[in-house]
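Worksheet for the structure shown next.
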Amino acid sequence: MKRKVGALEKIEADHAALRFKIKRDPQSYRDDFNNQWQQYETLRDLFLQSPSTQGTGLADLKDLVEFVSHVADLYPDLCAQFPSDLQQILLQHHEVLEYELRDKMVGSLCLLRNKDVIDSVALLNTLFPVLVATPSKSLRQLLFTKILSDLRSSNVKTTNHKLNRTVQTVLYNLLESDKESPKGIWAVKITRELWKKQIWTDARAVEVMRLAALSENEKVIAGGVRFFLGGDKEREEAAEESSDDDNVDMAKLKHQAGINKKTKKKARDLKKAAATVKRKEKKKNAPHPLNFSALHLLHDPQGFAENLFSKHVQNTKAKLQLETKLLVLQLVSRLVGLHKLTVLSLYSYFLKHLTPRQASVTSYLACLAQATHSYVPPDVLEPLVQKIANEFVSEASASEVAAAGLNAIREICVRQPLAMTDTLLQDLVMYRKSKDKGVMMAAKGLLSLYREVGAELLHKRDRGKDASMGIRAGTIKEQRYGEEAAGGIEGIELLEAWKEDERRKKRIAAGLDPDGTDGDSQLDEAEDWKKWELESDSDSDEEGWINVESDGEDINISDSEDEDKGKPKAKKAKLDSATPAPNEGSKSAEPETAAAKQAQISKLLTTTILTPADLKQLKALQEQTAINAHLPSHKRAAMLAARHADEAITAETIEAAASLGKKNTKEEKIAMAKADRETNHQSTTAKRKAKKESEGKSTTNKEKARKKNFLMTLGKAKSKNKRSLGDVKKTLQGHIERSKRGGKRGNKGN
Amino acid sequence: MTTSSKKKKDKKKDFQKPKLRVGKAAPKAANATSTSFKAKSISLKQQALSAIAPTLEAQCVHHLGLLDHKADKQRQESLAFLTSAITGITPGTPLPQPASVIIPAVQRLILDPSNAVRQQLLKLLKILPENDVATHADQLLLHTRAGMTHLSVQIRTFALEVLQWLVRVAGDEVVSCAGGWVKMLKCFLSLLIWKSEGEGKWSQAKSYGKSDAKLQVKQMDALTAFLRAGLYHAQVVSISNDSNFPLWQTEHHMLSERSNVYAHLNLFSATRDEEAEMFEDREDRQRVFNDRAEPAVVTGLEQALKAGGEMGRAAAQLRKVVRDGMADFHREEIIV
């Protein structure tokens with residue numbers, strides 16, 4: 001409905017031009033602005049008499065609103081009322097406003113915020129109620145992006161705690177005030193987005209989501225639960241994306257700048273690229289921001305898990321879809337597994353749903369496995385395992401079902417090995433003779449698991465070499481419920497041996513008795529402290545920095561030299577194993593030295609502080625001696641260790657075994673082989689040529705000559721042969737001259 | 001140039017002219033869009049089949065709707081139709097559409113960018129019955145004020161014409177409606193760039209949209225008319241009490257014939273500040289004028305008088321009105 005303005009009229013008077021002039025000299029144009037302000041006031045009054053009009057006056061008002069908001073910061077005394085006007089109109093009439101005017105008003109408010117005429121709190125207090133209340137989808141979209149961008153921009157330099165707290169409180173109150181309304185979805189959306197961008201990383205944001213997960217609207221519940229299940233992963237991915245989206249090759253750019261035409265724009269680009277590289281470098285050196293996952297930031301996870309479970313899953317009145325219910329169940333089981341909570345009613349709930357006919361039963365199985373941890377009483381889990389075995393694993397059931405059942409049992413038993421009885425285990429292990437590959441592999445997995453964690457439950461012939469030897473020697477003991485292994489550092493004995501070796505070498509070099517225990521052990525300690533930092537900073541030395549050794553010598557926390565009994569023990573250990581590195585393998589064969597070793601480890605850990613250099617050495621030693629890391633059992637253990645405790649078990653994990661035996665079709669195989677390969681290979685030159693041709697650009701003379709028809713060149717070639725000597729000379733000389741001059745026309749400038 | 005004959009052929013294909021043959025349908029262009037569609041049934045909207053021409057009222061409604069049309073010509077013609085329809089009716093019969101419908105529809109055309117439309121609008125306004133205009137004076141005044149501060153000089157000039165007409169037709173309503181007095185005074189002062197000595201700047205900034213002397217003269221004329229309406233005594237209708245002898249001053253106790261009599265109580269809308277307040281008494285208006293505008297007007301007049309010529313004459317007129325209008329107010333002050 002925009003009316004066209006005549007060209008002449010436009011030249012004479014137009015808001016854009018006036019705005020431009022006002023910006024350059026606000027004082028001189030004050031009267032003109034005043035006129036426009038009055039015009040705005042009049043139009044506003046007119047508009048307020050019937051805010052829902054769609055008439056022609058709105059275009060003028062829209063223009064004026066834009067104009068005033070652009071220059072409002074220059075006349076704060078005249079426009080004091082302007083922001084509150086806009087806020088009032090938006091809050092009161094947003095439902096009936098003409099959409100262009102409405103969007104313009106939102107934009108103007110944001111502009112005023114950017115010009116610091118109003119503060120973020122005022123802006124958000126206007127936008128948020130409208131966002132929640134408006135029926136218009138496009139307006140919601142607009143407001144959502146505006147709110148997010150404002151929150152982001154006000155958190156750029158430093159975290160704006162005050163604003164964040166205000167907004168979080170608003171969101172919290174929104175969720176709390178009406179638990180059944182779908183409006184809460186906006187709180188969820190905003191929080192999730194800000195979490196993803198790492199603007200909100202605190203417990204308050206998590207608290208908002210906790211409330212959302214406990215609300216009564218299905219959408220809001222799903223939003224809150226999804227946040228806990230996937231929010232952190234999303235955040236990580238976003239961070240990775242943002243870090244590798246602008247990889248600038250500085251060397252290449254500099255090289256190009258040397259060759260290509262030098263323009264101001266290119267110089268600017270180069271400078272910008274250099275700045276980004278520098279910033280990135282700085283970021284790389286900065287300490288990694290410590291971001292806790294949402295699941296760890298929860299207050300009272302026990303209460304939350306219980307609430308969730310009883311409210312949404314157990315409650316028969318909760319009318320949630322199966323999908324949502326499963327999501328909630330996943331979250332509950334995740335919480336239980338991660339924080340080792342005790343929600344006993346959860347397990348009896350599972351008992352009801354563990355049948356092959358249950359929809360998406362693999363998710364249930366995964367949830368059950370996830371909810372298992374070492375503090376779950378085995379007698380609670382036993383009937384569950386029994387039920388899975390009965391329902392899923394039988395000769396009569398389909399091979400996929402049996403494989404899934406076995407796999408689920410294995411996943412449960414990884415977390416709580418005591419949930420298994422020997423008769424059941426022996427039955428299940430028999431399935432390793434199954435003809436189906438999936439079932440066979442799953443059964444084997446169970447077998448190898450129990451070889452490690454509970455070999456006594458197996459038949460003697462199934463135990464394997466390591467386990468039966470261990471049982472005979474008494475090193476493998478039955479695990480009790482609630483037992484915790486004493487903590488230690490893996491490979492610490494290697495480090496100990498290595499240190500001893502070094503010391504001996506040094507003493508030999510100094511001409512002392514290598515096994516002596518006199519005086520200079522303090523020297524060693526001092527040496528260690530000197531090497532506090534790693535040698536990795538050698539590259540920074542090139543920049544002319546002088547390395548000043550810190551006076552680490554006088555920080556002497558260790559008091560080993562005062563204790564006389566410390567050293568001899570270490571010596572004994574060294575005498576036992578003259579070659580420090582490969583003695584790992586023989587360790588288990590010598591049970592009589594085990595006790596001594598135990599003492600030695602605890603000694604090193606309790607008497608010294610490991611420096612970063614020590615830790616590096618330890619890692620290197622571990623890698624050196626990792627001979628048996630290639631054995632399959634160790635590989636498996638490593639894989640298990642690599643799987644982070646925070647990661648979830650999904651239905652795919654359970655289903656994986658069943659898919660083992662499946663054969664791909666031919667099409668799938670072909671597609672897999674082709675996966676990420678170019679269909680038709682072309683050289684870069686060919687590509688460039690093709691591009692040039694498609695753009696319709698001309699060819700060089702050389703190219704033309706190369707492509708010239710052979711027959712056409714014949715005549716010239718013949719006549720060239722018939723030239724006289726003088727002619728030949730002239731041509732050759734001409735050629736030389738031209739090359740000296742630099743082409744036919746020559747280099748005029750030089 | 002390529003040697004490949006295939007490529008040459010391909011290239012040629014692009015530039016081949018399609019052959020046209022007599023009696024055959026022309027080949028479709030490459031970018032032709034098929035507009036055909038399939039439908040199970042096609043329903044035609046009802047067509048007007050009556051032979052009777054629409055009534056004048058219906059036509060007027062139609063043309064009122066066309067006032068939003070995007071073509072200048074159409075708007076102007078619609079206005080012209082309405083004008084002729086109103087002039088055409090025999091005196092005594094009601095308008096084809098009531099004024100309460102016409103005025104809200106046409107009033108926003110005061111800000112219309114096309115000059116022809118605006119002139120036609122003024123013609124239409126002038127033939128409307130005066131008492132109908134009076135009831136819509138506040139709305140019209142709002143639009144007029146919007147026009148007076150418009151960016152375009154032509155619209156500003158036109159708005160002054162409308163204001164003069166409005167003051168002539170319904171002067172009392174104009175000066176006493178909500179915001180009619182203070183806001184108008186403020187508007188005039190900012191248009192004329194008249195400031196009282198205290199807030200005066202060193203130099204007068206040249207206004208942005210060409211505010212030439214002619215426009216200023218017109219503005220001063222309009223201000224003169226406006227002040228005359230606001231500051232002079234209203235024409236007192238001679239009250240003859242003879243007819244109903246035992247009752248005295250009955251008309252003061254009767255219900256007023258004006259619409260929205262209690263508007264000044266402001267019962268239903270947002271609270272008003274002083275600017276938007278209604279000033280129904282002449283004394284109130286005098287007081288406000290004295291507070292807010294008189295010093296600025298006096299200083300402005302001094303300068304305008306010095307300019308002489310047409311502007312000087314207009315200024316003299318204005319000064320006379322101000323003096324006459326404020327005479328008794330100042331006398332009272334002196335006495336008090």
Side-chain angles (χ1 to χ4, degrees), chain A residues 1-6 8-10 12-18 21-22 25 27-50 53-61 63-64 67 78 81 88 92 693 696 698-699 703-704 706-710, chain B residues 1-4 7 11 67-72 75 104-105 107-115 138-139 141-156 178-179 183-184 186-193 195 201 203-211 269-270 273 275-276:
Chain A
M1 285 294 256
K2 207 169 180 182
R3 190 159 292 161
K4 271 189 182 169
V5 184
L8 277 174
E9 211 176 16
K10 217 172 197 174
E12 188 178 274
D14 138 19
H15 281 131
L18 181 56
K21 292 190 172 177
I22 282 180
D25 187 3
Q27 279 322 306
S28 309
Y29 289 94
R30 193 185 166 84
D31 292 319
D32 294 292
F33 176 76
N34 197 11
N35 282 348
Q36 293 314 309
W37 174 249
Q38 297 227 343
Q39 167 93 351
Y40 156 76
E41 276 190 327
T42 326
L43 284 179
R44 182 201 63 202
D45 290 348
L46 271 176
F47 166 78
L48 280 179
Q49 289 187 338
S50 56
T53 46
Q54 309 283 324
T56 48
L58 291 184
D60 296 333
L61 182 59
D63 282 352
L64 270 169
F67 168 75
L78 286 175
Q81 217 200 335
Q88 284 302 316
Q92 284 172 5
E693 201 169 314
S698 60
T699 51
E703 248 174 299
K704 276 177 190 141
R706 210 184 297 141
K707 279 190 175 166
K708 194 166 188 179
N709 196 347
F710 169 67
Chain B
M1 279 298 274
T2 65
T3 45
S4 150
K7 272 190 185 167
K11 221 171 213 177
L67 290 177
D68 270 336
H69 200 274
K70 65 177 190 297
D72 299 347
R75 273 177 273 145
Q107 62 190 4
R108 65 170 171 277
L109 292 180
I110 293 176
L111 303 173
D112 197 282
S114 155
N115 192 32
D138 52 344
Q139 285 286 311
L141 192 67
L142 263 180
H143 281 96
T144 313
R145 204 163 67 226
M148 279 163 62
T149 50
H150 202 274
L151 263 184
S152 156
V153 178
Q154 287 160 335
I155 295 182
R156 263 188 267 177
K183 282 194 177 173
M184 282 307 282
K186 227 177 104 182
C187 177
F188 270 118
L189 289 185
S190 82
L191 283 177
L192 289 161
I193 323 177
K195 288 175 191 134
K201 293 275 157 52
S203 58
Q204 287 276 328
K206 188 76 185 146
S207 191
Y208 173 65
K210 287 175 233 157
S211 76
S269 54
D273 49 358
E275 283 187 13

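Proteins come first, then strands; the chains are lettered A, B, ... in the order of their sequence lines, and each starts at number 1.
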Straight-line distance of [X] [atom1] to [Y] [atom2], nearest 0.5 Å:
X	Y	atom1	atom2	value
Arg156(B)	Gln39(A)	CZ	CD	9.5 Å
Asp60(A)	Ile155(B)	CG	CD1	8.0 Å
Asn34(A)	Lys186(B)	CG	NZ	7.0 Å
Ile193(B)	Asn35(A)	CD1	CG	7.5 Å
Arg44(A)	Leu142(B)	CZ	CG	10.5 Å
Gln36(A)	His150(B)	CD	NE2	8.5 Å

Minimum side-chain heavy-atom gap Arg145(B)-Asp45(A) below 4.5 Å:
yes

NZ/Lys7(B): more than 12 non-hydrogen atoms of other groups inside 6.0 Å
no

For Thr42(A) and Ala146(B) the tightest heavy-atom approach is CG2-N, 3.5 Å

What part of Glu693(A) is in contact with chain B, defined as an atom under 4.5 angstrom from a non-hydrogen atom: side chain, backbone, both or neither?
side chain

